[in-house]
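Note that the coordinates shown come from a computational prediction; the quantities given were computed from them, not determined experimentally.
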Amino acid sequence: MAIISSKQPPLEPEDSESGRDGLPLVGRSPKSPAADEKLLTPDRQPEDTGKPEERIRPQRLAEYIGQKDLKEVLAIAIQAAKARNESLDHLLLYGPPGLGKTTMSLILAAEMGVDCKITTAPALERPRDIVGLLVNLKPGDILFIDEIHRLPRVTEEILYPAMEDARIDITIGKGQSARTRSLPLQKFTLVGATTRVGALTSPLRDRFGLVQRLRFYEVDELQQIVLRAAEILNTPITPDGAAEIARRSRGTPRIANRLLRRVRDYVEVKARGADVNGAIAAEALELFNVDPCGLDWTDRRMLTVIIENYGGGPVGLETLAAATGEDAQTIEEVYEPYLMQIGYLNRTPRGRVATPAAWRHLGYTPPDNQLSLLQSPPSLL
């Protein structure tokens, strides 16, 4: 469990040269699928923790790029809370990883002039863990719980009276001598973050006054993020270089910043003193096996197998897993979502189908008689 004060920005790393397993990325083969997976995963990695990254994280709402609707809603909530001299209402942020949920909670604390204590749901295994956090909160403080859908049931039930009535109920003793004692708490704001809002129980979800979704970023927004990060990292970059990195970032700022660091490494080693322009950025990212649409080696391998081995599909999940050597759950939860978002893969009642756009992207000519996505499977009657 980590506790971070918003008055002292959180310690997070600049992306170092190491990947999830601690091995140097630069020393690996540029065609290594493992290296590609680490570059393009939106999940936080060891290289994203440990060294200061507070310079890259925006500190105020005005500095936060993208999420225009969310910023407008939160700006109104902040102004109203300050005018009434109250704490913010409880806030639930949901959406894919890497879009800025933790950063937003720290910004809220900075805007309100309070501290932000950060923890994760798996760290709150026992009731005393959450009780210890709650009793030490000062008026208006923000408690940020990441992956809140993974809270243990007992811990979640302790939060109910804390969120509604600023109190916790503690049972003292056992059996017939047991009695309940209520401890008052300071008014605080709970900010929950989750990638699976549907996994939250209804009683917990209904206690949040604000429920907001973070969306994927547009290329122009990511371009601004890359330009800002490059300036902070003292990396000369042109607008077309930032746009090239943005296009390959899967709509995720965390990936954009990670790719920027890899391009910076490439420039320092291979093109000393050169500004990062579009050509250099493309050359560097091709070396790391990240193509112009943000696909990595495994993404292209899956689509190639569907096209070459099964005529573009449909092909079942288990068959695809066996043909590619990937775990079926990994394909379904890690690789398929992005391929479906960009329109390169579709799920039909009969299996997975590579779309004409995927055929063209990989240099194939789609057949005229490819299975229509609207076609129903043949009747068994």
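- Under the side-chain contact (heavy atoms from CB on, under 4.5 Å) criterion, D220 pairs with E218, not counting sequence neighbours.
- Ring geometry for Y344 versus H361: interplanar angle of 30 to 60°, hence tilted.
- Closest approach of L204 and F208 over heavy atoms only: O-CD1, 3.3 Å.
- Classification of E72 and K68 as a salt-bridged pair fails, no side-chain N sitting under 4.0 Å from a carboxylate O.
- Here the closest non-hydrogen pair linking I245 and A256 is CG2-O, 3.8 Å.
- Using a 4.5 Å cut-off on side-chain heavy atoms (C-beta onward), I145 and V191 make no contact.
- Taking the charged nitrogens against the carboxylate oxygens, E147 and K101 have no contact shorter than 4.0 Å, which rules out a salt bridge.
- Other residues, nucleotides and ligands contribute over 12 non-hydrogen atoms within 6.0 Å of the CZ atom of R347.
- Residues A281 and V276 approach most closely at CB-CG1, 4.1 Å, considering heavy atoms.
- Annotation: D206, atom CG; neighbour count of heavy atoms from other residues, nucleotides and ligands within 6.0 Å is above 12.
- Both Y160 and L137 are members of a single hydrophobic cluster when ILVMFWY side chains are connected at heavy-atom separations under 4.5 Å.
- Counting all heavy atoms, side chain and backbone alike, V114 lies closest to G140 at CG2-O, 3.3 Å.
- A salt bridge is defined here as a Lys NZ or Arg NE, NH1 or NH2 lying under 4.0 Å from an Asp or Glu carboxylate O, and E125 with R150 fails to meet this definition.
- The two atoms that bring A121 and L151 nearest to each other are CB-N, 3.6 Å, heavy atoms only.
- A pairwise comparison of heavy atoms in E111 and L61 identifies OE2-N, 2.9 Å as the closest pair.
- Ring pair H149/Y94: centre-to-centre distance not below 6.0 Å.
- Using a cut-off of 4.0 Å between Lys/Arg side-chain N and Asp/Glu carboxylate O, E164 and R207 are scored as salt-bridged.
- Around atom CZ of R128, no more than 12 heavy atoms belonging to other residues, nucleotides or ligands sit under 6.0 Å away.
- Ring orientation note: the planes of Y217 and Y64 are tilted relative to one another, at an angle of 30° to 60°.
- Applying side-chain contact (heavy atoms from CB on, under 4.5 Å) to I237 and the options N277, L227, V263, V267 leaves one that passes, L227.
- Side chains of N346 and M340 form no contact here, defined as non-hydrogen atoms less than 4.5 Å apart.
- A salt bridge is absent between R60 and E63: the closest approach of a Lys/Arg side-chain nitrogen to an acidic carboxylate oxygen does not fall below 4.0 angstrom.
- Other residues, nucleotides and ligands contribute over 12 non-hydrogen atoms within 6.0 Å of the CD atom of E86.
- In terms of the side-chain contact (heavy atoms from CB on, under 4.5 Å) criterion, residue partners of V131 (sequence neighbours excluded) are, by chain and number, V135, I158, I168.
- No side-chain heavy atom of K138 sits under 4.5 Å from any side-chain heavy atom of Q186.
- In this structure, the side chains of D296 and V290 stay at 4.5 Å or more apart for every pair of heavy atoms.
- In this structure, R301 does not pair ionically with E326, as no charged nitrogen and carboxylate oxygen lie closer than 4.0 Å.
- With respect to D299 and R250, a salt bridge is recorded, a charged nitrogen being found less than 4.0 Å from a carboxylate O.
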Worked check of side-chain hydrogen bond (donor to acceptor under 3.5 Å, both in side chains) between R57 and T103:
CA-CA 7 Å; R57 281 186 185 273; T103 299; 2.3 Å; yes
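- Within the 4.5 Å cutoff, side-chain heavy atoms of R300 are placed close to those of D291.
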